[in-house]
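Notes follow the structure.
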2 protein chains.
Amino acid sequence: MLRNRATELGSSEKLPSKVVALLYRDIDSGTLLPGSRLPTEQQLADQFGVSRNVIREAIAQLRADGLIDARQGVGAFVRGKEQRAAIRIDREDLNDLSNMERLFELRRILETEAARLAAVRRTAHDLHLIGQHLRRMMGEERWQDGSIDADLAFHREIARATGNTYIHTFVSFICNRIRHSIHYARLTNPLHDLVTVNVAEHVRIHAAIEAGDAEAAAQAMSDHIAGAAARVGVKLVKQESGG
Amino acid sequence: MLRNRATELGSSEKLPSKVVALLYRDIDSGTLLPGSRLPTEQQLADQFGVSRNVIREAIAQLRADGLIDARQGVGAFVRGKEQRAAIRIDREDLNDLSNMERLFELRRILETEAARLAAVRRTAHDLHLIGQHLRRMMGEERWQDGSIDADLAFHREIARATGNTYIHTFVSFICNRIRHSIHYARLTNPLHDLVTVNVAEHVRIHAAIEAGDAEAAAQAMSDHIAGAAARVGVKLVKQESGG
DNA sequence: ACTCCTCATATCATCCTACAACCCATCAGG
DNA sequence: CCTGATGGGTTGTAGGATGATATGAGGAGT
């Protein structure tokens, strides 16, 4: 059939997504300057040849990201980049290893300090939860989905123990992205033999946090993440105490 | 009446935002497990007492964040946390100082390490750009909008000089959020006298990066952010070399 | 001349109904 | 057993109607 009319926007995606993409491009490229007003919803609907409903859903997405500020009775305005409320890392970005290296680098920075803070601030309850995830991981012989979940829960729990919700949010985000790309790339197969190494590193981190030794916890976490990176084929440069 | 239904959910916010908040909470708390299917749009509309259109806009936002995967003819499904594509910090979260303290803490962690990496990796061009923003800041006598922009550009440029796009993205995000909340809270007034202090700290950072001294750059940045936090009424605990 | 209030207007916000596109389970027919 | 049609259920899209809200013009009162 002649779906060519849709070719103008694309084919498989839904209409709101296409509208979002087009508006996003206009904003990003500077065609729509910050502070300027968007056309009326009705005008946009006419312009793109879709219903006002579609425009509204598109604007809802842009508004969720903080790119647009819609005020009832006035109009929708482009907000500056400095006002964006969301940060986005596209899945495709993580496919090649050089990006994985950068992400692991960021992860080491965040989690090393998270471990340092957690060692000082953790409550007894925090320690209990961290230990719980550790024991869950130790129970497994092979490196499988359950192990990955326990591994990540361990890291998230440490981030939570800092008492800093932002650190917890950022660490969770990064960990989950890494988990997803590992799952995606099927990198788990050659790692079965190394699960004991991973557990040993976790034990070391847990012990340092339990002891309240901030420096030891930081060093253990830094080493662990460098090791984890190496295990998926990413080499990190030396950090801390390396001069 | 329609008023009563709105009262049930709150008053000032728009309906889709409230629906998003409620669904988000259910997903985050585990009431809605990953993989499970949401009620149909019509059922949700009845349940919340709003129109299906509102539900659709809410789902559009959640879908943009990767929390929900809606498939035509099938239904909407909760996606696992590992598939989330965006991280969000609501504007309201930054209003009180305790949250600002947490955000500054995270900022110090990231930017301290960014400075450390930048000192080693920066190219001559990076250094030139960093210096440019510094000189732009030195040219101003008072603390005004231009100063803030130059200040942030300075920090962003350092993050960029790490060569790690993720660090740059995260640092930019945090800086911009802080700038926004500073602008919002009108915290700039009592700071006019302190601009020279701020510039002096920037000079110290720049000098360390220019010299390629990673440790000095990290220490300078850490001190600077602690100082900047103090200037907006946030006190950070000691970090690094403080014991 | 100035201020305050009212009101018309433009716009977004919400609601409603209807239809199209799509997936899936079911089942008739080979 | 396999294949293809069919029907019901769900999301996707369309379009109009009404409520809510901000803005500015214009008039009444001082």
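Here is the naming used below: chain letters follow the sequence lines, and residue numbers restart at 1 for every chain. Computed from a prediction, not measured in an experiment: that's the story for all the values here.
- The separation between A/Ile68 atom CD1 and C/dT11 atom P is 16 Å, rounded to whole Å.
- Defined by atom type and a distance below 3.5 Å, a donor-acceptor pair is missing between the side-chain atoms of A/Asn53 and B/Arg56.
- Per the geometry, CZ belonging to A/Phe77 stands 13 Å off C1' belonging to D/dT21, to the nearest Å.
- Of the listed nucleotides (D/dT11, C/dA13, D/dG15), D/dT11 has the atom at the smallest distance from the side chain of B/Ala70.
- Taking only distance into account, the side chain of B/Arg56 never meets the base of D/dT10 through a donor-acceptor pair shorter than 3.5 Å.
- With C/dA13, D/dG12, C/dT11 as the choices, the nucleotide that has an atom nearest any side-chain atom of B/Glu41 turns out to be D/dG12.
- The side chain of A/Ser51 has D/dA14 as its nearest neighbour among D/dA14, C/dC16, D/dA22.
- Donor-acceptor pairing under 3.5 Å, judged by distance alone, is present between the side chain of A/Asn53 and the base of D/dG15.
- Judged by distance alone with a 3.5 Å cut-off, a donor-acceptor contact links the side chain of B/Gln72 to the base of C/dA21.
- Between the side chains of A/Asp46 and A/Gln42, a donor-acceptor pair is found at a separation under 3.5 Å.
- Counting only heavy atoms from C-beta on, A/Val74 has its side chain closest to D/dT23 among D/dT23, D/dT13, C/dT14.
- The listed nucleotides are C/dA13, C/dC23, D/dG12; the one nearest the side chain of B/Arg52 is D/dG12.
- Between the CD atom of A/Gln42 and the P atom of C/dC12 there is a distance of 10 Å, rounded to whole Å.
- One can place CD1 of B/Ile55 at 12 Å from C1' of C/dC15, the figure rounded to the nearest angstrom.
- Aromatic ring pairs are classed by plane angle as parallel below 30°, tilted from 30° to 60° and perpendicular above 60°; the pair B/His224 and B/His155 is parallel.
- Residues A/Tyr24 and A/Val19 fail the side-chain proximity criterion, which asks for heavy atoms closer than 4.5 Å.
- A straight line from CG of A/Leu38 to C1' of C/dA10 spans 16 Å, rounded to a whole angstrom.
- Rounded to whole Å, atom C1' of D/dT11 lies 16 Å from atom CD of B/Glu57.
- Heavy atoms of B/Arg71 sit under 4.0 angstrom from primed sugar atoms or phosphate atoms, though from no base atom.
- Look at B/Arg231 and B/Glu201 and you find a salt bridge, because one of the NZ, NE, NH1 or NH2 atoms lies within 4.0 Å of a carboxylate O, short of that distance.
- Rounded to whole Å, the distance from CG on B/Asp69 to P on C/dC22 is 16 Å.
- The CG atom of A/Leu15 sits 15 Å away from the C1' atom of D/dG15 (whole-angstrom rounding).
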